[in-house]
Amino acid sequence: MPLVTTTEMFKKAYEGGYAVGAFNVNNMEIVQGIVDAAKEEQSPLILQVSAGARKYAKHIYLVKLVEAALEDSNLPIALHLDHGDSFEICKDCVDGGFTSVMIDASHHDFDENVKITKQVVEYAHAHGVVVEAELGRLAGVEDDVNVSDADARFTDPEQAAEFVHLTGVDSLAIAIGTSHGAYKFKGNPYLDFDRLKKVGELLPNFPIVLHGASSVLPEFVAKCNEFGGNIPGAQGVPEEMLRKAAQMAVCKINIDTDLRLAMTASVREYLAQNPSEFDPRKYLGPARDAIKGMVAHKIKNVLGSSNKL
Ligand SMILES: O=C(CO)COP(=O)(O)O
Ligand SMILES: O=C[C@H](O)COP(=O)(O)O
Ligand SMILES: [Zn+2]
Ligand SMILES: [Zn+2]
């Protein structure tokens with residue numbers, strides 16, 4: 001089966017009250033762990049690549065890994081650019097075989113965001129590629145995504161509706177309280193579900209995307225800290241809230257931090273317990289298994305996308 005766009009996936013997810021997981025990929029073990037889990041669960045899948053991933057692994061290696069995953073799994077897989085910050089990077093990915101791109105011009109003002117997004121939509125649609133955009137700002141800190149808490153702004157529902165109509169975008173990432181990384185909430189977790197509901201009412205049948213949706217699973221944080229790590233006070237989005245969002249207008253749930261934590265916890269544990277081992281396959285194998293287990297859990301118990309091919 002060739003790569004697919006997200007159009008059909010989102011239509012089914014919207015109607016079925018579940019979400020499709022979009023997992024960030026950076027190397028072979030991560031791709032294999034995710035795809036093996038999706039295969040076991042017979043789930044549709046979005047594999048997404050950030051600018052940082054393209055810098056780390058090179059575009060061509062990631063595309064070839066995903067092509068291998070397609071052949072190996074026979075699943076409907078979309079290959080998506082995560083947080084493209086310019087027309088040029090989106091064009092590069094459209095030309096380079098992706099079936100979906102995100103133009104994140106949310107750091108610009110509304111009119112400029114509309115203008116850049118429209119330009120990407122025009123080019124992508126002419127090449128059979130779908131487009132995700134972002135309105136509102138998420139808080140959080142990661143390599144190529146760095147917005148201070150003070151900058152974070154929740155999405156205005158009326159503006160979201162206007163933005164979608166003006167740009168012709170296929171899906172929209174909104175800010176309702178999630179953030180990137182492992183430190184999402186200082187106190188009790190809170191997501192603005194009334195805002196999400198309003199967006200859903202103003203944009204019927206339109207797929208919404210939730211970024212910063214890792215739940216920062218306590219077992220992985222504890223394992224990292226037990227075996228020499230130092231990530232105190234990490235906190236993610238409770239899985240109960242993700243389930244609720246998936247039943248509403250959210251059709252795509254982005255997960256990266258949980259992959260990083262699963263992998264790092266496993267590598268730390270293995271190396272601490274086997275100090276004389278130095279064969280990378282010995283610690284990357286279990287790390288791949290840890291990713292597979294975590295992703296299978298998400299698909300089955302959180303996203304609800306098992307057996308939805
Ligand atoms: O939104 C993300 C990628 O775009 C990932 O979010 P997390 O940091 O919560 O995994
Ligand atoms: O949203 C950001 C993703 O987690 C990707 O992070 P990255 O830019 O460090 O690859
Ligand atoms: Zn953004
Ligand atoms: Zn994101």
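Whatever order the structure lists them in is the order used to number ligands and atoms, beginning at 1. Only this structure's heavy atoms are used, side chains among them; waters, hydrogens and symmetry mates stay out.
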**Q** Between Asp104 and Asp85, is any pair of side-chain heavy atoms under 4.5 Å apart?
**A**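 Not touching, per the 4.5 Å side-chain cut-off.
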
**Q** What's in the same ILVMFWY side-chain cluster as Tyr61, cut-off under 4.5 Å, chained through other members?
**A**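 Members other than Tyr61 - counting any ILVMFWY side chain reachable under 4.5 Å - are Ile60.
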
**Q** Tell me whether Lys252 forms a cation-pi arrangement with Phe10, defined as NZ or CZ under 6.0 Å from the six-membered ring centre and within 45 degrees of its axis.
**A** no

**Q** Need the atom name: nearest N/O/S atom of Asp104 to the Zn ion (ligand 3).
**A** OD2

**Q** Quick check for you: with the Zn ion (ligand 4) as the vertex, what angle do ND1 of His211 and NE2 of His83 span, to 10°?
**A**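 With the Zn ion (ligand 4) as the vertex, ND1 (His211) and NE2 (His83) sit 90° apart.
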
**Q** Using only N, O or S atoms, tell me which atom of His180 is closest to the Zn ion (ligand 4).
**A**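 In His180, the N, O or S atom with the shortest distance to the Zn ion (ligand 4) is NE2.
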
**Q** Would you tabulate the side-chain donor-acceptor contacts of residues 265-272 under 3.5 Å, counting partners in other chains and residues two or more places apart, or write 'none'?
**A**
| residue | atom | partner | partner atom | Å |
| --- | --- | --- | --- | --- |
| Ser266 | OG | Pro286 | O | 3.4 |
| Ser266 | OG | Ala287 | N | 3.2 |
| Glu269 | OE1 | Lys223 | NZ | 3.0 |

**Q** May I ask you to identify, for Asn24, whether its side chain, its backbone, both or neither come under 4.0 Å of ligand 2 on a heavy-atom basis?
**A** side chain

**Q** Only one of Ile174, Leu172, Asp156 forms a side chain to side chain contact (heavy atoms under 4.5 Å, CB included) with Phe163, so which one is it?
**A**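 Considering Ile174, Leu172, Asp156, a side chain to side chain contact (heavy atoms under 4.5 Å, CB included) with Phe163 is found only for Leu172.
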
**Q** Nearest heavy atom to atom 7 (P) of ligand 2: which of Arg260, His83, His211 does it belong to?
**A** Arg260

**Q** Does Asp82 approach ligand 2 within less than 4.0 angstrom via side chain, backbone, both or neither, non-hydrogen atoms only?
**A** side chain

**Q** If you count the non-hydrogen atoms of other residues, nucleotides and ligands that lie under 6.0 Å from CD in Glu71, is the total more than 12?
**A** no

**Q** Please say whether Asn26 places an N or O atom under 3.5 Å from an N or O atom belonging to ligand 2.
**A** no

**Q** Show me which atoms of ligand 2 lie under 4.0 Å from any heavy atom of Asp256.
**A**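 Per the distance check, 3 (C), 4 (O), 5 (C), 6 (O).
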
